[in-house]
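Reminder, nothing fancy here: chain letters follow the sequence lines and each chain counts from 1.
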There are 2 protein chains.
Amino acid sequence: MREINDLPECDAVAVHEGVTSLAREGVPAPDTLLMLSEFFKIFGDPTRLSILFALDRVPMCVCDIAATLGMTRSAVSHQLKVLRTAQLVSYRREGKNVIYSPSDDHVRDIIEKALEHISE
Amino acid sequence: MREINDLPECDAVAVHEGVTSLAREGVPAPDTLLMLSEFFKIFGDPTRLSILFALDRVPMCVCDIAATLGMTRSAVSHQLKVLRTAQLVSYRREGKNVIYSPSDDHVRDIIEKALEHISE
DNA sequence: CATACAGTTGAACGGTTGTTCACTTGTTGA
DNA sequence: TCAACAAGTGAACAACCGTTCAACTGTATG
């Protein structure tokens, strides 16, 4: 006799009974999952990472960031918008320049943990 | 007189002298940056995250994962390949099934740190 | 006020990515 | 050995993403 957790796609009754419902408990709500993935997506680009690394050393204007990384001001500005929206950088205007600086300390931790992982 | 760190795009001599070279020291090598971003990219997808969450509760075959998350076996298999390549899951064959399980403990830490961040 | 420069922004492009579909591989049991 | 089912795979498609280009805004200085 088939149980509640049986599903048409997989007749795994004998092998993994009741497993799916148990697993489902471990999976966060869809919107949490989405926020989480959006968060990680931001770190999934070398340019944005290098901006964060650079700013972690010294706060800089867009122009200096561009010069540091060898890219156009426009490209940097676009990426800074992403980082701003995610509240990973703060900024203040100083005359003609806008100075950006890192705004979160979690970030360093997360990146360091990741560096630990890839160095294996 | 212009300094070494001056760049044609940004005449910021008077404002942020020598900043760029200082910032550059904080930026890892391009290939490190690339590996790091590739690593984060993997977590940048809700599907892959949910697979990792589910497997963290209980090891499962592809079929059960698909049933748990309400997606096709093919889609799951494709994503598992990504997770396998990044060595974030291990697997063993059991008869007709292939049982997947998480293979790294760093992962839990990183995800939890990220969850801390987004709950603010 | 006009010029110069810092920064932002929207459209467009090329490349990437996740899912679907159809097919293949591999394993078990009749 | 053949049928049935789990899993993996390649091509194709649509959606997404990062950069470039060409504007535009905003601020300081002559």
Side-chain angles (χ1 to χ4, degrees), chain A residues 6-16 19-20 33-34 37-38 40-51 59-86 89-100, chain B residues 2 6-16 19-20 33-34 37-38 40-51 55 59-86 89-100:
Chain A
D6 293 355
L7 284 134
E9 296 98 348
C10 181
D11 191 11
V13 186
V15 192
H16 324 110
V19 162
T20 56
L33 235 34
L34 203 69
S37 66
E38 295 294 338
F40 280 121
K41 217 173 282 182
I42 293 168
F43 298 95
D45 178 66
T47 299
R48 282 191 292 267
L49 282 178
S50 59
I51 292 176
M60 278 186 293
C61 65
V62 177
C63 219
D64 284 344
I65 300 172
T68 302
L69 306 179
M71 47 190 307
T72 67
R73 269 164 290 166
S74 177
V76 171
S77 192
H78 276 294
Q79 298 301 356
L80 283 171
K81 184 174 191 171
V82 176
L83 295 171
R84 247 186 296 145
T85 307
V89 296
S90 10
Y91 61 103
R92 63 175 193 278
R93 194 170 254 284
E94 258 188 20
K96 281 195 285 187
N97 300 305
V98 177
I99 312 294
Y100 282 84
Chain B
R2 298 175 65 84
D6 293 354
L7 283 135
E9 295 99 347
C10 182
D11 191 10
V13 186
V15 193
H16 324 110
V19 162
T20 56
L33 235 34
L34 203 70
S37 67
E38 294 294 337
F40 280 121
K41 219 173 280 181
I42 292 167
F43 297 96
D45 177 67
T47 298
R48 282 191 292 267
L49 282 178
S50 59
I51 291 176
L55 289 180
M60 279 186 293
C61 65
V62 177
C63 219
D64 284 344
I65 299 172
T68 302
L69 306 177
M71 48 190 305
T72 67
R73 268 166 291 167
S74 178
V76 171
S77 193
H78 276 295
Q79 299 300 358
L80 282 172
K81 184 174 191 169
V82 176
L83 295 172
R84 246 186 297 144
T85 306
V89 296
S90 9
Y91 60 103
R92 63 175 193 279
R93 194 168 255 285
E94 258 187 21
K96 281 194 286 189
N97 302 306
V98 176
I99 312 294
Y100 283 84

Heavy-atom contacts, protein to nucleotides 25-30 of chain C, under 4.0 Å, summarised as B (base), S (sugar-phosphate only) or - (none) per nt, yield --BS--
Is any side-chain N or O of Asn97(A) closer than 4.0 Å to OP1 or OP2 of dT27(D)? no
Identify, with sequence neighbours excluded, every residue that meets side chain to side chain contact (heavy atoms under 4.5 Å, CB included) alongside Arg84(A). Lys81(A), Val89(A), Tyr91(A), Tyr100(A)
Shortest non-hydrogen contact between Arg73(B) and Cys63(B), atoms and distance: CD-SG, 3.9 Å
For Ser77(B), the side chain to side chain contact (heavy atoms under 4.5 Å, CB included) test, sequence neighbours excluded, returns none
Length of the line joining Leu69(B):CG and dT19(C):P, which is rounded to integer Å: 10 Å
Using a heavy-atom cut-off of under 4.0 Å over every strand shown, decide if Tyr100(B) touches base, sugar-phosphate, or nothing. sugar-phosphate
Measure CG/Leu49(B) against P/dT17(C) and give the value in whole Å, please. 16 Å
Can you tell me the distance, in whole Å, between the CZ atom of Phe40(A) and the P atom of dT17(C)? 18 Å
Rounded to whole angstroms, how far apart are OH on Tyr91(B) and C1' on dG8(D)? 11 Å
Euclidean distance, atom CE of residue Met60(B) to atom C1' of dA7(D) [Å, nearest integer]: 15 Å
Can you check whether Leu80(B) reaches Ile65(B) side chain to side chain, under 4.5 Å on heavy atoms? yes
Report the distance from atom CG of Asp64(B) to atom P of dC5(D), rounded to the nearest whole Å. 16 Å
Residue pair Leu33(A) / Ser50(B): nearest heavy atoms and the distance that separates them: CD2-CB, 3.6 Å
Non-neighbouring partners of Phe40(B) that pass ring-ring contact (aromatic ring centres under 6.0 Å, His included), sequence neighbours left out: Phe43(A)
So does Arg73(B) get a side-chain nitrogen or oxygen closer than 4.0 Å to the phosphate oxygens (OP1/OP2) of dA7(D)? no
Taking all non-hydrogen atoms of both residues, which atom of Leu34(B) and which atom of Pro46(A) are closest, and how far apart? CD1-CG, 3.8 Å
Please give me the minimum heavy-atom distance between Leu49(A) and Ser37(B), naming the atom from each residue. CD1-N, 3.6 Å
What string of B, S and - do you get for nucleotides 14-20 of chain D, 5' to 3', when a contact is any protein heavy atom under 4.0 Å? ---SSBB
Check whether any side-chain N or O of Asn97(B) sits under 3.5 Å from a backbone N or O of Ile99(B) as a donor-acceptor pair, and report yes or no. no
